[in-house]
Amino acid sequence: MNREKRIPVIAGNWKMNCDRVKAKELICQLKETITNPVCGVVLCVPFTDLETAVELTKNTCLKVGAQNCHWAASGAFTGEISAGMLAEMGVEYVVLGHSERRQYFGETDETVNQRLRAALDAGLKPILCVGEVLSQREQGVTEEVVRQQVKIALGGVTKEEMENIIIAYEPVWAIGTGKTATAQQAEEVCGQIRGAVAQLYGQETAQALVVQYGGSMKPENAKELLSMENVDGGLIGGAALKAADFTAITEAANQ
Ligand code: 13P
């Protein structure tokens with residue numbers, strides 16, 4: 001398998017944005033503008049918008065994802081949502097290990113691994129986020145950091161299950177800052193992620209894996225980033241909240 005055989009996936013991470021009215025408006029716009037994409041398109045919306053999103057995207061090319069899930073199937077975990085609860089609603093994807101969860105909510109590689117395990121068991125497709133902070137890049141340890149995040153998160157995951165996983169490389173210093181990694185920087189680390197997966201599961205699995213880039217991706221830089229050999233799509237924050245911008249990024253991925 002080679003790059004031509006991987007289908008890019010553009011996922012919007014809405015983060016904690018859009019109430020139900022806004023969500024409805026945005027999804028209705030996207031239904032009009034994204035009609036026949038070559039790439040996969042996923043909308044990762046707040047929990048409270050999931051039902052609206054699942055309902056509105058039925059029989060369209062738009063898929064729905066959540067932004068986190070708990071590792072237990074049920075129990076005394078106030079405020080948490082299980083993977084099974086999401087799957088039951090018709091949700092297909094779940095973002096896991098986002099740097100904002102690691103930074104503000106004590107997420108560790110180990111808890112990401114537990115959540116990922118639960119997501120797979122429930123039939124969800126995880127979008128696993130990894131990436132270095134600025135000081136780690138400056139110290140030259142990006143590859144080590146990202147490899148470790150990937151390896152720990154994938155503990156206990158089988159080769160077959162890798163077919164359902166997307167890995168998103170999101171350099172923390174590029175998130176919401178307007179600073180994008182250069183296409184070469186994105187390519188280098190996405191390639192290292194593929195290398196780490198090849199070590200664990202072999203070349204065939206690594207070559208089939210979708211590796212996204214995320215961090216200030218927008219219409220102006222999407223084409224160049226997405227033209228790189230190892231960049232198979234994007235995880236989009238701010239630009240996913242504007243229908244025209246998100247649509248333009250999906251178009252860049254179709255080329
Ligand atoms: P921005 O596109 O706003 O930088 O966010 C990226 C991100 O965190 C997606 O998960």
Side-chain angles (χ1 to χ4, degrees), residues 8-18 22-23 26 30 39-47 49-50 53 62-69 91-105 107 109 112 115-116 119 124-134 136-137 142 145-146 149-150 153 165-183 185-186 189-190 193 210-226 228 231-253:
V9 177
I10 300 295
N13 175 8
W14 290 14
K15 308 192 180 185
M16 197 171 72
N17 292 296
C18 294
K22 276 228 183 90
L26 182 51
L30 295 173
C39 62
V41 183
V42 187
L43 309 179
C44 300
V45 306
F47 288 129
D49 290 332
L50 285 170
L62 306 173
K63 312 278 187 200
V64 176
Q67 298 171 16
N68 194 18
C69 70
V91 171
E92 235 178 284
Y93 290 82
V94 62
V95 174
L96 292 173
H98 192 278
S99 65
E100 286 149 17
R101 303 278 335 155
R102 296 177 192 256
Q103 201 176 342
Y104 306 127
F105 303 101
E107 197 77 68
D109 291 334
V112 173
R115 293 179 201 272
L116 186 116
L124 295 176
K125 297 177 182 160
I127 301 177
L128 165 64
C129 303
V130 298
E132 82 287 5
V133 298
L134 186 59
Q136 292 166 330
R137 174 157 286 268
T142 298
V145 168
V146 167
Q149 290 173 336
V150 167
I165 294 180
I166 291 175
I167 300 184
Y169 168 53
E170 297 209 307
V172 181
W173 48 271
I175 295 178
T177 58
K179 270 193 206 165
T180 320
T182 63
Q185 286 170 324
V189 185
C190 289
I193 290 171
V210 169
V211 183
Q212 297 174 324
Y213 167 79
S216 301
M217 196 189 267
K218 42 189 180 275
E220 299 79 56
N221 58 28
K223 201 171 165 198
E224 193 188 358
L225 286 159
L226 294 169
M228 304 310 284
V231 180
D232 309 313
L235 186 53
I236 324 298
L241 301 173
K242 295 180 199 138
D245 286 2
F246 190 65
T247 303
I249 297 172
T250 64
E251 282 162 5

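Start at 1 and go down the list; that is how both ligands and their atoms are numbered.
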- Enter the distance from Cys44:SG to Ile236:CD1 here, rounded to the nearest 0.5 Å. 10.5 Å

- Message: Taking His98's backbone N and O only, do any of them form a donor-acceptor pair with Glu107's side chain (distance below 3.5 Å, no angle check)?
- Response: no

- Note on the structure: So CG of Leu241 and CG of Asn13: to nearest 0.5 Å the spacing works out to 9.0 Å

- Pairing residues for Lys218 by the salt bridge (Lys or Arg N to Asp or Glu O under 4.0 Å) criterion, not counting sequence neighbours: none

- Item | All salt bridge (Lys or Arg N to Asp or Glu O under 4.0 Å) counterparts of Glu170, not counting sequence neighbours | none

- Tell me, please, which residues at least two apart from Glu251 pass salt bridge (Lys or Arg N to Asp or Glu O under 4.0 Å). none

- List, ordered by chain and residue number, the protein residues whose closest non-hydrogen atom lies under 4.0 Å from any atom of ligand 1. Asn13, Lys15, His98, Glu170, Ala174, Ile175, Gly176, Gly215, Ser216, Leu235, Gly237, Gly238

